[in-house]
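Order of listing sets the numbers, starting from 1, for every ligand and every atom in it. Computed from a predicted model, the values in this text were never measured in an experiment.
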Amino acid sequence: MISADMEGATGVTWTGDVVPGTEQWQRFRRLFTADVNACVTGLVAGGAEQVLVNEAHSSQRNLLLEDLHDAARLLTGRHKPLSMMQGVDSDVDGVVFLGYHTAAGTRGVLAHTYMENSITGVWLDGVLASEGRLNAALAAEHGVPVLLVTGDDLTCADAATYAASAWTVAVKECVSRYAAVCLPPAVTSSQITAASTAAMASAGRAEAVVAPHRIEVEFDASHLAEAAAIVPTVELVGVQRVGFDATSMTAAMKAFKVVTHIAGAAMEDVYG
Ligand SMILES: [Zn+2]
């Protein structure tokens with residue numbers, strides 16, 4: 001399975017590159033699809049019989065089906081219970097985090113955690129967590145290893161802290177949240193293919209480990225935390241911060257999804 005986000009795709013550094021409907025987004029959809037295809041090529045060369053690609057960015061309608069590698073199936077569109085990780089609970093032997101990015105509250109190209117700019121940090125069991133860290137914990141709960149992570153160099157460094165045995169490919173070097181030294185697609189494609197092939201050596205389900213988890217979320221304004229704290233089980237733990245406990249990572253991520261939706265609905269123009 002490939003969980004495909006867009007901020008960490010080849011060449012992407014800017015809001016317009018990843019916001020659906022813009023001219024730049026139309027351009028970067030092709031580069032994003034090329035990254036995915038390079039990964040599918042490598043996974044198949046490494047022995048994968050089927051590859052499910054789950055769209056994980058924004059509207060979750062970014063990849064070009066008409067250009068997709070014919071060994072892949074595309075799960076496109078939004079409103080999926082497991083969101084970025086929909087499909088991990090099916091018969092999956094490994095997951096690739098493609099086009100991922102660093103966490104809110106850290107450096108990195110287009111760094112954020114789920115909400116683009118209103119969440120200032122998310123903590124999983126007390127550790128500042130990127131989407132990669134959250135999703136790796138969810139994968140572990142289903143016994144699914146993280147095979148490969150692609151994104152900027154800081155995303156790769158982050159991956160080493162939550163999935164030490166995963167391969168990484170840095171398609172760009174972060175200069176600022178909106179700037180990077182980028183490798184061209186011809187180079188990143190071959191690197192992604194080679195890493196995907198090698199990473200397949202680690203494919204295969206491990207023992208599923210289901211455990212309770214705590215997530216805390218900090219926002220950039222108090223009313224967003226107060227709105228989220230209306231959700232049963234979610235408590236206000238600071239002026240701009242909420243926390244909740246869950247009996248499993250799957251339940252924790254579903255509760256997190258509710259928290260981000262409620263906070264998103266409470267955002268106002270200009271002041272947020
Ligand atoms: Zn993301």
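Between the side chains of Ser3 and Tyr100, at least one donor-acceptor pair of N or O atoms lies under 3.5 Å. Side-chain contact check for Thr188 and Thr10: at least one donor-acceptor pair (N or O, by modelled atom type) lies under 3.5 Å. Thr76 and Gln60 form no side-chain donor-acceptor contact under 3.5 Å, judged by distance and modelled atom types alone.
The Zn ion (ligand 1) lies closest to atom OD2 when only the N/O/S atoms of Asp5 are considered.
Geometric assessment of Arg27 against the ring of Trp25 yields a negative cation-pi assignment under the 6.0 Å and 45° thresholds.
The Zn ion (ligand 1) does not have His57 among its coordinating residues (no N/O/S atom, backbone or side chain, under 2.8 Å). At a cut-off of 2.8 Å, Glu131 is counted among the residues with an N, O or S atom near the Zn ion (ligand 1).
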